[in-house]
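Sequence lines set the chain letters: A, B, ... in the order given, protein chains first and strands last, and positions in each chain run from 1.
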Number of protein chains: 2
Amino acid sequence: MPLPRHDTGRAPTRLEGRATWLVGRAYLRSSGLLGAGFENHGDGLRSYHYRLLAALEEWGPASQADLGRRTGIDRSDVTAALVELESRTLVERSADPEHNRRKIVTITPAGVERLLELDKVIDGIQEEFLAPLTAAQQRQFIRLLTRLADAER
Amino acid sequence: MPLPRHDTGRAPTRLEGRATWLVGRAYLRSSGLLGAGFENHGDGLRSYHYRLLAALEEWGPASQADLGRRTGIDRSDVTAALVELESRTLVERSADPEHNRRKIVTITPAGVERLLELDKVIDGIQEEFLAPLTAAQQRQFIRLLTRLADAER
DNA sequence: ATCCAGTGTTGGCCTTGCCAACATAGCCAA
DNA sequence: TTGGCTATGTTGGCAAGGCCAACACTGGAT
């Protein structure tokens with residue numbers, strides 16, 4: 001999958017030291033590893049699918065709108081991803097009996113199974129991604145990163 | 001300036017703690033801030049333009065192909081960005097006398113000026129981005145990030 | 001003289017995150 | 001009860017960023 005090159009040459013020094021630049025490069029590596037992981041072991045599923053399966057497994061059945069709100073995925077993208085998941089019987093969609101427009105989405109046993117497989121793959125990628133750091137550094141990195149990721153703006 | 005929402009709800013817990021997820025969120029925040037900065041003070045220039053100006057200022061005149069190799073930007077995108085920069089007279093392109101097909105790109109005084117302005121904007125964004133961390137944490141974060149960003153794979 | 005590698009350009013593709021419009025369903029108030 | 005408001009799922013599209021392929025050249029190397 002689209003994995004950036006940056007084959008040759010270093011970036012201009014005014015970029016090299018900047019946090020935003022480094023975060024971009026780290027993200028590039030991260031998403032490269034994830035992309036490769038999904039490609040090799042994901043059977044065509046993408047990160048959206050994983051997120052939705054995880055949400056369903058953790059919070060139980062939900063409407064598509066709820067799913068979108070809680071995962072931060074747009075309604076339209078939720079629809080598309082669920083259609084895909086349903087076609088693989090990893091998920092079931094049924095009409096809400098008390099609200100005919102709404103659909104209740106449920107993860108199937110096969111969906112849970114697939115989710116656990118993906119978990120393993122993704123855990124492996126975490127190790128690979130963090131490999132350049134010692135265990136203590138990894139903990140520290142995640143601590144700092146959490147602060148930054150959750151910041152107000 | 002596409003800035004993600006994630007209005008409601010936390011992510012599933014299996015995502016929250018993972019480094020790749022956090023890096024993605026941090027990158028989202030980073031690129032959101034950068035996008036806003038370019039939008040407000042960038043006069044329509046984007047990150048490609050900044051990278052090219054920076055490369056030209058730091059390494060001096062270069063051919064487009066060299067520029068692409070050294071900044072990691074695709075040849076075709078280099079062309080498009082340079083056309084834009086040239087139309088604002090931030091850059092000059094002239095035929096290489098000893099290789100008629102090649103073009104030598106040079107940054108103009110106005111280009112340097114614009115670059116320095118953008119530098120200020122981007123420096124401000126660094127502060128904003130790193131604000132949740134103490135100064136010591138910021139140094140540590142950048143150190144760890146550098147290791148991760150530059151890793152082999 | 002011929003082939004090959006490099007150069008700039010055009011045009012296209014894919015992915016991720018969005019938004020807008022639509023038809024429909026339920027709800028609340030007047 | 002009727003009207004309006006909001007919520008829901010769906011379709012279709014858009015934009016930015018990162019790519020690739022093809023093309024017409026140019027200059028060297030063989």
Given atom [atom1] of [X] and atom [atom2] of [N], what is their separation to the nearest angstrom?
| X | N | atom1 | atom2 | value |
| --- | --- | --- | --- | --- |
| Trp21(B) | dT16(C) | CH2 | C1' | 13 Å |
| Leu52(B) | dG8(C) | CG | P | 13 Å |
| Gln64(A) | dA25(C) | CD | C1' | 15 Å |
| Lys103(A) | dG9(D) | NZ | C1' | 6 Å |
| Tyr27(B) | dT16(C) | OH | P | 13 Å |
| Arg75(A) | dT24(C) | CZ | C1' | 13 Å |
| Arg25(A) | dG18(D) | CZ | P | 12 Å |
| Asp74(A) | dG13(D) | CG | P | 16 Å |

Can you tell me if the side-chain N/O atoms of Arg102(A) get under 4.0 Å from OP1 or OP2 in dT8(D)?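 Yes, such a contact exists.
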
Using a cut-off of 6.0 Å, state whether more than 12 heavy atoms not belonging to Glu92(B) lie near its atom CD.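 It does not: Glu92(B) CD has 12 such atoms or fewer within range.
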
Can you identify which nucleotide, out of [options], has its nearest atom closest to the [X] side chain?
| X | options | answer |
| --- | --- | --- |
| Ser76(A) | dC20(D), dG8(C), dT11(D) | dT11(D) |
| Arg46(A) | dT15(C), dC19(C), dT10(C) | dT15(C) |
| Arg69(B) | dG17(D), dG12(D), dT7(C) | dT7(C) |

Any side-chain heavy atom of Phe141(A) within less than 4.5 Å of one from Leu145(B)?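 SC-SC contact between Phe141(A) and Leu145(B) confirmed.
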
Heavy-atom nearest nucleotide on DNA chain C for Tyr48(A) versus Ile104(B): which residue maps closer to 5'?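 Checking each residue's closest nucleotide, the 5'-ward one belongs to Ile104(B).
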
Any salt bridge between [X] and [Y], counting N to O under 4.0 Å?
| X | Y | answer |
| --- | --- | --- |
| Asp119(B) | Arg18(A) | yes |
| Asp43(A) | Arg88(A) | yes |
| Lys120(B) | Glu117(B) | no |
| Glu84(B) | Arg46(B) | no |
| Asp66(A) | Arg69(A) | yes |

Using a cut-off of 4.0 Å on non-hydrogen atoms, how would the nucleic acid contact of Ser47(B) be classed: base, sugar-phosphate, or nothing?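 No contact.
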
What are the atom names and distances for every N/O pair under 3.5 Å that joins the protein to nucleotides 1-3 of chain C?
none

Could I get the full list of side chain to side chain donor-acceptor pair (under 3.5 Å) partners for Asp77(A), not counting sequence neighbours?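 Testing Asp77(A) for side chain to side chain donor-acceptor pair (under 3.5 Å), a comparison that skips the adjacent residues, returns none.
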
Before giving the answer on salt bridge (Lys or Arg N to Asp or Glu O under 4.0 Å), spell out for Asp96(A) and Lys103(A) the whole-Å C-alpha distance, their side-chain angles and the decisive distance to 0.1 Å. CA-CA 5 Å; Asp96(A) 184 337; Lys103(A) 294 180 177 172; over 6 Å; no

Would you tabulate the nitrogen or oxygen pairs shorter than 3.5 Å linking the protein to nucleotides 27-30 of chain D?
residue, atom, partner, partner atom, Å
dG27(D), OP1, Asn100(B), N, 3.2

